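This one's a predicted model, so the numbers in the text were calculated from it and none came from an experiment. As a basis for the values below, the full set of heavy atoms in this structure was taken, side chains included, without hydrogen atoms, waters or symmetry mates. To find a chain, count down the sequence lines: A is the first, B the second, and so on, and within it residues start at 1.
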Amino acid sequence: MTDISHSPTDAAPRRDFIRELVAEDVATGRFGRAPATRFPPEPNGFLHLGHAKSICLNFGIAREFGGTCNLRFDDTNPATEDVKYVEAIKRDVQWLGFTWDGEYYASDYFEQLYEIAESLVLKGLAYVDSQNEEEIRTNRGTVTSPGVPGPYRDRSVEENLDLLRRMKAGEFADGTHVLRAKIDLAHPNMIMRDPVLVRIRHAHHYRRGDAWCIYPLYDFAHGLSDAIEGITRSLCTLEFKDNRDIYDWLVQHAGFTSPPTQIEFARLELDYTVLSKRKLLRLVNEGYVRGWDDPRMPTIAGLRRRGVRPEAIRTFADTIGVARKDARIELATFEHTVRDDLNMEVPRVLCVLEPLKVTLTNWPEGHVEMLDASSYPHDVPKTGSRPMPMSRELFIDRNDFMEDPPKKFHRLSPGAEVRLRFGYIIKCEEVVKDDAGNVIELRCTYDAETKSGGSSDRKVKGTIHWVSAAHAHRCEVRLYDRLFSVPDPDDRPEGEDFTTVLNPDSLVTHADAVIEPSVLTDPIGSRYQFERTGYFISDVEDSTPQRLVFNRIISLRDGWAKELKKG
RNA sequence: UGCCCCUUAGCUCAACUGGCAGAGCGUCUGACUCUGGAUCAGAAGGUUCCUGGUUCGACCCCAGGAGGGGCAACCA
């Protein structure tokens, strides 16, 4: 505190190693232009939390350094891509709160890429290989043994050029020829053993139609697309580290001056879920979830429907940081971020998931009292309240009553007292059961002196939520939980896959819940805290004005559950 | 039996580039409470993967080793 040189104002903001490098670029003027990044999804699936990390990084850097960030679709594989994914991706990026500078498609670069392919042939740096896939693989060697040159490696420039042009013209069938970079079949980096650049695919492309029958591969298209767009730093995940050699080789030999440089960072892994498009696609296709936007999915669309706010996702991305080592994040870290975001934002309401009827025997028949219920707790800097009707017959949650309670159970039990939130202290006088012995009603008395906010200094240990029976609205409440029952669903014994550890209780539906009437005037898609239960949103797809459906976004931290676990 | 990357608290990251290893989350304890939430206070938790070396001084530099991960698609 006494050292003025360390005052908060000149404390350097905490930076990850990538921002460190970008700051250096800016300081040294390395690229001679403002930092330029891009988010390069392939339109073959929906975006998920892992992509959100990359989106926040790429767009965040552009924003912080006064640079630009493009959205570029890496659409070089006609077999798997679709315009519906393009649309979903654009919607998700916007929803996360980012605006791209340029919207580009690798498929728009096919012409330029082809020109570069010819130029590489002319320089003797690429050749047409006519081995089949199997032969190419065999002759590439293995990680521990060098590959050997194939029989077509030393074709003349003229022959290569002729073959390449005829490939483009559609003279050959799929798989008969490929264009390969001519580098070194014995290169210690497998990626550099004459990587395939272009393959023949007589397939319809969702954007280019049938204009092309040859398509570039990732290595050929990606770095060159970056270079064409004037990207400075090309951010990608760790598994592309080895690809950096071919990235650099290509931008150099294509003649780009001041080309982009690739930097790799660790992809996100989150406990109790999977973050791979391939696996998420299986969950959708095999019916384990109800679609890409199922609220249990870690997709952006799923999180949006679940009710998570984009602010929370951005905060999460900041929290986990960016590093060069594998990162598996605890679910608690994500959940804390979601709760923390909602806590300050959303109004509180009362909703009873499993109604148990309570009759207040000393409450005047037919009398309704309107209570004033504040919508925010004292420590949330928001104001507002709604009227809450109270009457002789109420519903409370079934699990707030125990006939034979353990110690420390501060809710209702025979002879015990509890406060009704915003209302009065009640005492359980009688338990009514049906013939099967099920508790079907509680007969209680209330203490008229103990109205909430009144002068009574009577204290009880517990406060419970409730809804007046005559004013209650039936609704459906869907409680979502983790999709998998183990932290790492990918870590399975031989022959078992991630679908064997799906959590059977990832969705629990309460079809006969009741909620206070005040929510009826809110638009569908409104978020709430159901007091003592969790945060919820009215489901945009399935709610109707007659029947609201609520998704649980996240539970509250549950001290009682912890108490139970301790025994 | 190759090349590359990584290793600091349970988790995610710091440590001003060689100067007393810290923060957030989580955990535990306590206080308070008309949400068993939130909030507040406190605590525990470390051989900085190991072994050598350089140095007055090493998480940081050097050498060797261990462990984890990536690479042998005409996927990205």
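Nucleic acid contact for A:K461: none, since no nucleic acid atom lies under 4.0 Å from a heavy atom of the residue. Counting non-hydrogen atoms under 4.0 angstrom, A:T76 reaches the backbone sugars and phosphates but no base. Counting any heavy atom pair closer than 4.0 Å across all strands shown, A:N132 reaches a base atom. At a threshold of 4.0 angstrom between heavy atoms, the contacts of A:I425 with the nucleic acid are absent. A:E269 comes within contact range of no nucleotide atom at all, as no heavy-atom separation falls under 4.0 Å. Within the nucleic acid shown, A:V196 comes within 4.0 Å of sugar-phosphate atoms alone, with no base atom in reach, counting heavy atoms only. The residue A:G534 sits apart from the nucleic acid: no heavy atom pair falls under 4.0 Å. Contact annotation for A:R244: no contact, since no heavy-atom pair falls under 4.0 Å across all strands. Contact annotation for A:H187: no contact, since no heavy-atom pair falls under 4.0 Å across all strands. Within 4.0 Å (heavy atoms only), A:N243 reaches at least one base atom of the nucleic acid. Among the atoms of the strands shown, base atoms are found under 4.0 Å from some heavy atom of A:F422. Nucleic acid contact class of A:T333 (heavy atoms, under 4.0 Å, all strands): sugar-phosphate only. When heavy atoms are screened at a 4.0 angstrom cut-off, A:T533 is found touching no nucleic acid atom at all. At the heavy-atom level, A:R324 lies under 4.0 Å from the strands shown only through sugar-phosphate atoms.
Between the NE2 atom of A:H410 and the P atom of B:U33 there is a distance of 14 Å, given to the nearest Å. Separating the CD1 atom of A:I191 from the P atom of B:A72 is a distance of 6 Å, rounded to the nearest angstrom. Between the CG atom of A:L420 and the P atom of B:U35 there is a distance of 13 Å, rounded to whole Å. Summarising the geometry, the separation between CZ on A:R193 and P on B:C71 is reported as 15 Å, rounded to the nearest angstrom. The CG-P distance, from A:L238 to B:G68, rounds to 17 Å in whole Å. A:E330 has its CD atom 13 Å from the P atom of B:C25, to the nearest Å. For A:R339 and B:U39, the CZ to C1' distance is 15 Å, given to the nearest whole Å. Between A:H51 atom NE2 and B:A76 atom P the separation is 14 Å, expressed in whole Å.
The side chain of A:H378 approaches B:A38 more closely than any other nucleotide in the set B:A38, B:C71, B:U35. Among B:A73, B:C6, B:U35, the nucleotide with an atom closest to any side-chain atom of A:K325 is B:C6. The listed nucleotides are B:U35, B:C74, B:C13; the one nearest the side chain of A:Q529 is B:U35. Here the nucleotide nearest the side chain of A:I320, chosen from B:G37, B:U12, B:C6, is B:U12. With B:A76, B:U7, B:U35 as the candidates, the nucleotide lying closest to the side chain of A:R199 is B:A76. In this structure, the nucleotide among B:C71, B:G26, B:A76 sitting nearest to the side chain of A:M190 is B:C71. Residue A:F240 has its side chain nearest to B:A76 when only B:C74, B:A76, B:G37 are considered. Of the candidates B:C75, B:G70, B:G36, B:G70 carries the atom nearest the A:E239 side chain, counting heavy atoms from C-beta on. Considering only side-chain atoms of A:P188, the nucleotide from B:C74, B:U35, B:C3 that sits closest is B:C3. Here the side chain of A:R140 is nearest to one of B:A73, B:G2, B:G26, namely B:A73.
Below 30°, between 30° and 60°, or above 60°: for A:Y85 and A:F46 the angle between ring planes is above 60°, a perpendicular geometry. In this pair, A:Y105 and A:F73 present their aromatic rings parallel. The plane angle is below 30°, not in the 30 to 60° band.
Each of A:I396, A:T533, A:V349 was evaluated against A:H465; a single residue qualifies, A:T533, per the side chain to side chain contact (heavy atoms under 4.5 Å, CB included) test.
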Item checked: Dot-bracket notation for RNA chain B, counting Watson-Crick and G-U pairs under 3.5 Å, with | for partners on another strand -> .((((((..((((.....[..)))).(((((.......))))).....(((((..]....))))))))))).....
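Salt-bridge formation is not detected for the pair A:R208/A:D75: no Lys NZ or Arg NE/NH1/NH2 atom is positioned less than 4.0 Å from an Asp or Glu carboxylate oxygen.
With hydrogens and angles ignored, the 3.5 Å screen pairs a side-chain donor or acceptor of A:D174 with a backbone N or O of A:H202. Judged by distance alone, the side chain of A:R38 and the main-chain N or O of A:L235 form a donor-acceptor pair under 3.5 Å.
For A:R267, the CZ atom counts as loosely surrounded, since its 6.0 Å shell holds 12 or fewer non-hydrogen atoms of other residues, nucleotides or ligands. Within a 6.0 Å sphere centred on CD of A:E449, heavy atoms belonging to other residues, nucleotides or ligands number 12 at most.
With both ends at atom C1', the span from B:G18 to B:U54 equals 12 Å, rounded to whole Å. B:C11 and B:U27 have their P atoms separated by 15 Å, given to the nearest Å.
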Checklist line | From CA spacing to verdict: ring pair (Phe, Tyr, Trp, His ring centres under 6.0 Å), A:F536, A:F550 | finding: CA-CA 6 Å; A:F536 292 79; A:F550 291 96; 7.1 Å; no
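If you find the closest nucleotide of RNA chain B to A:D242 and to A:F17, the one lying nearer the 5' end belongs to A:F17.
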